[in-house]
Structures are given as C-alpha cells and as structure tokens.
Number of protein chains: 2
Amino acid sequence: MKYRRIPDETIQRLPMYLRGFSLLEDEKEETVSSRRLAVRLGLNPHQIRKDLSYFGSFGRRGVGYPVRATAQRIRRILKLDKTQKAALIGAGRLGTALVAYPGFSSFNLEIAAIFDKDPQKIGKKIGHLRVESIERLSGLRKRKIQLAILAVPAEAAQSVTEKLVKAGVKGLLNFSPGHLKVPASVKKIDIDLASQLSILPYYL
Amino acid sequence: MKYRRIPDETIQRLPMYLRGFSLLEDEKEETVSSRRLAVRLGLNPHQIRKDLSYFGSFGRRGVGYPVRATAQRIRRILKLDKTQKAALIGAGRLGTALVAYPGFSSFNLEIAAIFDKDPQKIGKKIGHLRVESIERLSGLRKRKIQLAILAVPAEAAQSVTEKLVKAGVKGLLNFSPGHLKVPASVKKIDIDLASQLSILPYYL
DNA sequence: TTTTATTTGTGCTCACATTCACAAACACAA
DNA sequence: TTGTGTTTGTGAATGTGAGCACAAATAAAA
Ligand SMILES: NC(=O)c1ccc[n+]([C@@H]2O[C@H](COP(=O)([O-])OP(=O)(O)OC[C@H]3O[C@@H](n4cnc5c(N)ncnc54)[C@H](O)[C@@H]3O)[C@@H](O)[C@H]2O)c1
Ligand SMILES: NC(=O)c1ccc[n+]([C@@H]2O[C@H](COP(=O)([O-])OP(=O)(O)OC[C@H]3O[C@@H](n4cnc5c(N)ncnc54)[C@H](O)[C@@H]3O)[C@@H](O)[C@H]2O)c1
C-alpha cells in the first residue's frame, strides 16, 4: 500500500462501516465479504474495499473481512477504541434530546458535561448529569474533554465557540444555522436541519 | 445559458444562499455582490455565481444581485414560495424538539401533522398539534402532505417508510440509523447524528 | 497437485464538481 | 463621450472522488 491522501468522504463513511461490523459482531459472524456488507448498508462493494484499503490490508482474499478484528481496527482509526467525552452546550429542546439518546454509546461516545447560561437551568439534572454554568467552560481542558456539541441559539453560537476554542476544544458539532468562524486547528461539522428539510421540496 | 445538469451539491447550497438573502432582505439591503455574500456565508464567490447561473441570470454586472428578487427566485426554485407541509412520525425526544423549533417557518416549512403508535401519546397535544395514530397515515395524500420527517426507532423505520410511500410521501428526512430502502421516485435524506459525532475524534 | 470459485487490493479511467480566467455588461466620473 | 473600476456569467482548466477491471491470494473441490 502506497501512501495516498485519505478523502474526507472516506472518513465520513467509516462510522457506517463500523455500525455494520458492530452489528455483525453481535450476530457472532466470523467474516463478511464486501459484497454482503454492501447489500446491508445499501452501497457498493468497490467503495467499501477502496475505503478500507486506504488504511492497509484488512481482509483475506477468497474469504472476506474478519468481523471482530476489522471492527476494532476501524474503532482505532476513528479513535473510538477509548471512550470519547463530549460536552453539550445548550440544555434546550435539542440538547436534552441528544443527552437522552442512547445511540452514542455504541460508538464509545459519551456526553460527559452539559453547560447553559440560563440560571433557571443551571444545577438541574438532565439524565444523570447536572447542568453547569457556561462560566465553567474553561474547566474542559482539565477534564480532558476535547469535543463539543453546540446547541445554543444562533446569536450566541460565535461567542460560545470562541470560549470553547479557548478551553481547548478541538472538534465541534454545530447545530446552529449560519456561518461559524473557527481556527484551522479545530474540526467543525455543521448540521443545519432546516436547510436539509428545505432541500426536499425541490425534488417533488 | 445552455442547459446543464444541475449538481445535487448546488441544490444543497441553495438553502444557505436563501438564508443569506433573507437576512439581507430583513436588513433592507437592495443589492449584494457575490463577494460580500461569500464573506458572510464563509464560502467563495465563484461558487455562488456558478451555482446561481445554473438557473439563469440573476444579477447585474457591475452591481450585484438584487436581494429581494433573488431571494424570491431561490424560493421558487426550491418550491418554498408556497408553504410546504411535512408530517412528523415519532413523537419522541427528537420529534418533540423538532416540532417546537421555530426555524422551519423562515423557509416556509411547516410541520402540519404528528403521528405515533404509542396509545399513551396519541391524542396528546404537542405545540398546537394533536398526536395522531399511525394508522391514519393514509390520510396524508388527501391532506396534501408529501414530506415526512422520520424520528422513530431504527427497528420501526423500514415498515413506517413503506406506509409513508403508500400514503404518497415523496420526500423523506430520516433520522434513524441504518439503511432504509425507498423507491427511486422518493427523495430521501439521511441524518445520522451519531455517525456525524463519530467523525470528530479522527481529527483530534 | 491441479482446477475452480471466491474475494480482496489497487492502478487506471471516467465523471463531475470546483476553481480559474476573462469577456461582456454596467455605473459613474471626468 | 470616453475612461476607469466593478461585477456578473460562463467556457475552460483543474482536481479529485467514484467506479471499474483485473491480478494476486485464498479456499475448497477434483
Ligand atoms: N430544536 C430543534 O429541533 C432545532 C432544529 C434545527 C436547529 N436547531 C438549532 O439548535 C440550536 C438549539 O435549538 P433549541 O431548539 O434546542 O433551542 P432552545 O432555545 O430550546 O435551547 C437553547 C439553549 O441554549 C441556552 N443558551 C442560550 N445562550 C447561551 C449561551 N450564551 N451559553 C450557553 N447556553 C446558552 C439557552 O438557555 C437554552 O437552554 C439553535 O441554534 C437552533 O437553531 C434546533
Ligand atoms: N434523540 C436523539 O437525540 C437522537 C439522536 C440521533 C438519532 N436519533 C434517532 O432518531 C429516532 C428517534 O429518536 P428519539 O430519541 O426521539 O426516540 P424516542 O424513543 O424518544 O421516540 C421514538 C418515538 O417513536 C414512536 N414509535 C415507535 N414505533 C413507532 C411506529 N411503528 N410508528 C409510529 N411511531 C412509533 C415511539 O412511540 C416514540 O414516541 C431514532 O431512530 C434514533 O435512533 C435520535
């Protein structure tokens, strides 16, 4: 395997593959071919093989991919082999829905802190976490939390982001609409739900 | 302007452009250049001009794009010039957060019905809507609702989808993880929040 | 051992989105 | 009217991801 730049698109598909492999792990499958996996995931086998090959040789020709080992290797690549802690900023409607979501744990992701600026909400329990004051964001570095989920109103998003960056956050999942400036050293993913829904009518 | 196939990527950016133009509309701006808009949205002017040019000539050289007219034209393209109704399936944590979200209306999108199968939830009010039984999905066609937001557990997603398709739904925003089979005539957009968050640690 | 059937890994091709470059169109000042 | 400075619209160049084809590797049967 020569060195090749790994496309972002490949990285984005890895969680899908991981979910597939994890499911097969639960089903006690030993191996799976790219073809069978592709059918399950609704994409094509070439893509899966190509994507995985960026990271080396995973499978055995004539056999397929060893389920357990490959799942573990993808976790390793995505740094999901150890639990990753994330902070949630904004204990609003969307935020509380996310905290209650059990689906993150299968990726070894954990929402480990909740922050808000509303005095009414600070101190209240959501799930097994207590909402903390936004003033305490600076403690994130010490608590080794480098990921944050941003679920505050758009007006507050930029200023909160700057506090997060100061607090050492390196990855940001942003739900607020509008453009958010972050330093190049910080990876940001935007999820604009209203925009997504707006696309659908076009295809009617 | 010759006919050219319009890339999906262009369509996906239109809501962003629309949000930009709408904001400028509120600010009573008459015109805006691709450069100024690009700065606001955090992307490059070439892209904006190219994207808009797929749909004809929007602006005036030496001047820029007329804010009001262009906003209206993008709404027209996205079929957002009339209010588009969507049904929400699954009155759970995520679903209720979405119903309460006021941001859809600026795109002329309206959640106009909520369905669930839980008898405990059916009949309850969420916002100004009453949760209906999933059995009543077939009424969607008569009510001219062609869009649906799927916020049910993954196990239920495929069967609910099939009911939606039968009920005449043509666009689907799916929040459940895993692969969903839909006919080619139906446009589906998947939002897998856990996968999105899983990507971040890779870049740490 | 040989043959046949699988299946991976990857160089190559192709398609297509992005970016560039520039002519055409416009405003405005001199 | 002429010149200067903008800005759009678009053909062309560029870059890159997806799809393809096939050799290499493996298993299992003959
Ligand atoms: N609810 C949805 O379904 C939905 C859909 C699409 C987008 N969004 C976006 O997600 C974000 C959150 O939406 P929501 O519906 O949960 O809003 P919300 O108003 O219910 O919650 C926002 C929370 O952020 C807190 N907050 C405000 N300013 C803050 C600050 N400076 N620091 C810390 N906390 C602060 C508020 O106290 C509140 O608890 C918004 O940007 C919204 O546009 C939400
Ligand atoms: N909550 C989150 O933050 C979050 C995050 C990522 C993904 N998701 C996904 O979104 C979906 C919904 O999540 P949630 O947290 O709101 O779940 P939830 O359990 O809170 O709500 C699901 C709702 O769907 C209803 N339902 C179940 N089967 C149904 C059926 N056959 N027909 C109609 N309604 C049915 C249930 O009664 C319930 O009200 C799930 O697929 C989940 O994986 C949610």
Side-chain angles (χ1 to χ4, degrees), chain A residues 1-17 20-21 24 29-74 77 199 202, chain B residues 1-17 20-21 24 29-74 77 179 190 199 202:
Chain A
M1 184 203 52
K2 281 196 307 194
Y3 174 78
R4 282 166 294 185
R5 199 187 67 82
I6 296 165
D8 273 359
E9 284 83 351
T10 293
I11 305 298
Q12 283 167 25
R13 280 186 292 269
L14 288 183
M16 258 200 287
Y17 301 156
F21 279 107
L24 289 161
E29 292 279 338
E30 291 286 330
T31 59
V32 67
S33 68
S34 58
R35 170 134 47 128
R36 267 207 308 144
L37 186 65
V39 171
R40 271 180 101 106
L41 298 177
L43 26 95
N44 87 42
H46 302 111
Q47 185 99 71
I48 296 177
R49 291 208 297 277
K50 178 65 138 226
D51 282 340
L52 292 180
S53 81
Y54 281 112
F55 303 96
S57 191
F58 281 64
R60 284 172 64 189
R61 303 180 184 208
V63 181
Y65 296 93
V67 171
R68 247 186 97 74
T70 308
Q72 206 49 42
R73 253 176 106 173
I74 298 176
I77 292 166
I199 296 166
Y202 174 83
Chain B
M1 184 204 51
K2 282 195 311 196
Y3 174 78
R4 280 165 296 183
R5 199 187 67 82
I6 297 163
D8 273 359
E9 285 82 351
T10 292
I11 305 299
Q12 283 166 25
R13 279 186 294 268
L14 287 182
M16 259 198 288
Y17 301 155
F21 279 108
L24 289 161
E29 293 279 339
E30 292 285 329
T31 58
V32 67
S33 68
S34 57
R35 171 137 44 132
R36 268 208 307 143
L37 186 64
V39 171
R40 270 180 101 104
L41 299 177
L43 24 95
N44 87 41
H46 301 111
Q47 184 101 72
I48 296 178
R49 291 208 298 278
K50 180 67 134 193
D51 281 341
L52 293 180
S53 80
Y54 281 111
F55 303 96
S57 190
F58 281 64
R60 284 173 63 190
R61 304 180 183 208
V63 181
Y65 297 93
V67 171
R68 246 187 97 73
T70 309
Q72 207 50 42
R73 254 177 105 174
I74 299 176
I77 292 165
H179 172 57
D190 294 302
I199 295 166
Y202 175 83

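Keep in mind it's a predicted model, so treat the numbers as computed, not measured. Chain A is the first sequence line, chain B the second, and so forth, proteins listed ahead of strands; every chain is numbered from 1. Both backbone and side-chain heavy atoms feed into the values below; hydrogens, waters and symmetry mates do not.
- For the pair A:R60 and A:T10, both in contact range of DNA chain D, the more 5′-proximal nearest nucleotide belongs to A:T10.
- Taking every side-chain heavy atom of A:R5 into account, D:dG17 is the closest of D:dT8, D:dG17, D:dC20.
- For A:H46, counting side-chain heavy atoms from C-beta on, the closest listed nucleotide (D:dG9, D:dA21, D:dG17) is D:dA21.
- We find that B:E29 and B:R68 are not joined by a salt bridge, their nearest charged nitrogen and carboxylate oxygen being 4.0 Å or further apart.
- Listed nucleotides D:dG17, C:dT8, D:dG9 differ in distance to B:S57; the shortest reach to its side chain belongs to D:dG9.
- Phosphate contact (OP1/OP2 of C:dG9, side-chain N/O of A:R61, threshold under 4.0 Å): absent.
- Atom OH in B:Y17 sits roughly 13 Å away from atom P in D:dT8 (whole-Å rounding).
- In this structure, B:R36 reaches neither bases nor backbone, as no heavy-atom distance under 4.0 Å exists between it and the strands shown.
- The separation between B:I48 atom CD1 and D:dT7 atom P is 13 Å, rounded to whole Å.
- In this structure, B:N44 places its CG atom 13 Å from P of C:dA21, rounding to the nearest Å.
- Remark: P of D:dT16 and CD of A:Q47 are 17 Å apart, rounded to the nearest angstrom.
- Residue-to-nucleotide contacts include a donor-acceptor pair under 3.5 Å from the side chain of A:K50 to the base of D:dG19.
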